[in-house]
Engineer: 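Just dropping this structure here.
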Protein chains: 2
Amino acid sequence: MKSRRRFWTVVDKLEALIEKGEYPVGSRLPAERELAEVYDVSRPTIREAIIALEVRGRVEVKTGSGVFVTDSEQSGRLLKNISAFELTQARALIEAEAAALAASTIKEDELHALKQTLEQMTVPETADEADHRFHEIIAKSTKNSAILVSIQNLWELRRSRPQIIAAYEDVCSQGIEQRIKEHTEIYDAIAARDSASARKAMHNHFNRLINALFDASEAKALEEVKRKTDETRGLYSISHLTQ
Amino acid sequence: MKSRRRFWTVVDKLEALIEKGEYPVGSRLPAERELAEVYDVSRPTIREAIIALEVRGRVEVKTGSGVFVTDSEQSGRLLKNISAFELTQARALIEAEAAALAASTIKEDELHALKQTLEQMTVPETADEADHRFHEIIAKSTKNSAILVSIQNLWELRRSRPQIIAAYEDVCSQGIEQRIKEHTEIYDAIAARDSASARKAMHNHFNRLINALFDASEAKALEEVKRKTDETRGLYSISHLTQ
DNA sequence: TCAAGAAATATACCTTACCAATTGAAGGGT
DNA sequence: ACCCTTCAATTGGTAAGGTATATTTCTTGA
């Protein structure tokens, strides 16, 4: 039941070579016919593999000239090294602005849906999902798809990185009333169409999260690590950005 | 200088049909040979197009059975409908916060590199590239990878959507001195480690861009369209968000 | 009648072989 | 020194046909 299509194996091999630095950024890959011979497949199969790499953004094909390694695999590398602190800070900045914007663009039905998530947040089973929906409704209420996808991307990041999931799990379970209180403050500000307060409330929400993350990591850390953490706490704080 | 490879046009057409609902989620596409006949290309070309769609996650190929439309084209659908206004507003909000953050996290060498881009901006040939680097250096200066990738994603969006490219081209060419002045104000604020001013300067920069975009679209629009544009101008304005 | 197995069919998979279009460099003429 | 032509290398694209796999249809036996 193997039977992966042949070009995928070629894609994997070429991608590995690019990763390894065998084909540096900007360099040209061997000609189609050479690759066909090396990997013992036909030329169309090589073409398919190269198209897959092209769609993935790893290479660029120049007609009559050759296939060249693209620069872009940097962002993929970046994604792997994002910490929970960075993610939270980014969400704080972006979602605070989204909340401020939403305060003036949100519609009644969205406001109603937002209030409903607050109620769902009191039930432990649906709390996490409600949290997600709460932030997503605000993002959608901005009526700006670019902001929405930015926030969705960050959420996806949180969902997909194991280390970040672990970090959040420690934090979310504790302080349920606090969590609801913060979300309620955000809701109230948006419902009152108060952009500045909405921004502040969202900042406050995430600032508490960041500090909770630090506390959690502190609890786990050894003494010498603890000292380092304190030093960098200031770097990821957002409290000084509010006014 | 057209000469896009043939399979891309097939990809576009198939994607459009999927988008349109001609091929609903879960349904099977016509056979290779049929598609080859319909679009008047060879079967390998059809195969290439399908592989591109597969890598993009739009379809799934089942050997011996057919190629089926995949469910998860949601976010891809969103990306297609982002207007230049939305993109600019999103950049305004996010990059303004990035600038505010960078004002307290930027290092001397980054500040130096930032100043260099200002000089390159005076040369028309390198102005656009310098613009890009200017914003990228600020993003990197935040020392937050999540913010960096968010900003990079938005830039990639600007680079890849033809309609957005067109909209920006009309605007960027005009008012070079103004553009440099705005960037200089941003630089000065960051160099002075003044977060609030940096945010304000970045807001100002993008706010001018948004209005220029509206003016450009107004110039092209007919009378009745013009009226509508005026009505929605308030929706994408960010001036009310600054303090 | 119905269910299980076998054959036929439809489909994607992969290859070989060929020609066309584009690029870039080498070479020659001014 | 410069420009133009030519030519080799490369990718772009096509045609035709055999292979492997999945699905459907048909046969056959209980």
Side-chain angles (χ1 to χ4, degrees), chain A residues 1-18 22-73, chain B residues 1-18 22-73:
Chain A
M1 201 350 199
K2 190 70 190 295
S3 77
R4 241 191 1 156
R5 276 136 94 209
R6 212 161 274 192
F7 79 90
W8 278 120
T9 75
V10 178
V11 168
D12 289 343
K13 288 175 182 172
L14 287 177
E15 211 161 29
L17 286 178
I18 292 173
E22 195 75 22
Y23 302 127
V25 170
S27 68
R28 214 205 71 189
L29 262 54
E32 282 182 357
R33 288 168 172 80
E34 284 181 56
L35 291 172
E37 193 165 355
V38 169
Y39 296 108
D40 196 34
V41 294
S42 68
R43 204 167 66 87
T45 300
I46 293 292
R47 282 170 58 88
E48 292 173 348
I50 288 173
I51 285 168
L53 288 171
E54 191 183 14
V55 173
R56 281 191 178 178
R58 307 295 300 252
V59 300
E60 186 182 357
V61 178
K62 288 187 179 175
T63 300
S65 177
V67 182
F68 298 86
V69 178
T70 310
D71 194 0
S72 83
E73 45 100 18
Chain B
M1 207 337 203
K2 189 72 189 297
S3 78
R4 242 196 354 162
R5 272 134 97 213
R6 211 161 274 192
F7 78 89
W8 279 120
T9 74
V10 178
V11 168
D12 289 344
K13 287 175 182 171
L14 287 177
E15 212 162 28
L17 285 178
I18 292 174
E22 195 75 23
Y23 301 127
V25 170
S27 68
R28 217 205 68 192
L29 263 54
E32 275 184 1
R33 290 172 168 82
E34 284 181 57
L35 290 172
E37 194 164 355
V38 169
Y39 296 109
D40 197 33
V41 294
S42 67
R43 285 201 299 124
T45 301
I46 293 293
R47 281 172 57 84
E48 291 174 345
I50 287 173
I51 285 168
L53 288 171
E54 191 183 13
V55 173
R56 282 191 178 179
R58 307 293 302 249
V59 299
E60 185 183 357
V61 178
K62 289 186 179 176
T63 301
S65 175
V67 30
F68 298 85
V69 178
T70 308
D71 191 1
S72 78
E73 36 94 28

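In what follows, every chain begins at residue 1, and chains take the letters A, B, ... in the order their sequences are listed.
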Engineer: With a 4.5 Å heavy-atom cut-off, do A/V11 and A/R58 have their side chains touching?
Structural biologist: no

Engineer: Measure CZ/A/F68 against P/C/dT23 and give the value in whole Å, please.
Structural biologist: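 Rounded to the whole Å, the gap is 12 Å.
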
Engineer: Got a salt bridge between A/R4 and A/D12, using NZ or NE/NH1/NH2 to carboxylate O under 4.0 Å?
Structural biologist: yes

Engineer: What is the separation between atom OH on B/Y39 and atom P on D/dT14, rounded to the nearest whole Å?
Structural biologist: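 For the pair B/Y39 OH and D/dT14 P, the rounded distance is 15 Å.
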
Engineer: Quick one: is D/dA22 close enough that its OP1 or OP2 comes under 4.0 Å of any side-chain N or O from B/S65?
Structural biologist: no

Engineer: Closer to the 5' end of DNA chain C via nearest nucleotide, is it A/P44 or A/R33?
Structural biologist: A/P44

Engineer: Within this structure, what is the CD1-to-P distance between B/I46 and D/dA16, rounded to whole angstrom?
Structural biologist: 16 Å

Engineer: Take the protein atom CZ of B/R5 and the nucleotide atom P of D/dT10, then report the distance between them rounded to whole Å.
Structural biologist: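 Distance, rounded to whole Å: 17 Å.
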
Engineer: Is the distance from OP1 or OP2 of C/dT15 to the nearest side-chain N or O of A/R6 less than 4.0 Å?
Structural biologist: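 Looking at the OP1 and OP2 atoms of C/dT15, one of them is under 4.0 Å from a side-chain N or O of A/R6.
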
Engineer: Look up atom CZ in A/R43 and atom CG in A/L35, then write down how far apart they are to the nearest 0.5 Å.
Structural biologist: 11.5 Å

Engineer: Looking at A/T45, does any N or O in its side chain come under 4.0 Å of the phosphate oxygens OP1/OP2 on C/dT15?
Structural biologist: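 For A/T45, the contact criterion (side-chain N or O under 4.0 Å from OP1 or OP2 of C/dT15) is met.
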
Engineer: Rounded to the nearest angstrom, tell me the gap between atom NZ in A/K62 and atom P in C/dT22.
Structural biologist: 17 Å

Engineer: Tell me whether A/R56 is salt-bridged to A/E15, with the criterion being a basic N under 4.0 Å from an acidic carboxylate O.
Structural biologist: yes

Engineer: Counting just side-chain N and O atoms, does B/R28 come under 4.0 Å of either OP1 or OP2 of C/dA10?
Structural biologist: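 For B/R28, the contact criterion (side-chain N or O under 4.0 Å from OP1 or OP2 of C/dA10) is not met.
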
Engineer: Quickly work out the A/R43 CZ to C/dC14 P distance and round it to whole Å.
Structural biologist: 17 Å

Engineer: Could you state the atom-to-atom distance from CD of B/E37 to P of D/dA16 in whole Å?
Structural biologist: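 Going from B/E37 (CD) to D/dA16 (P), I get 13 Å.
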
Engineer: Whole-Å distance between C/dC14 P and A/D40 CG?
Structural biologist: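 That distance rounds to 13 Å.
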
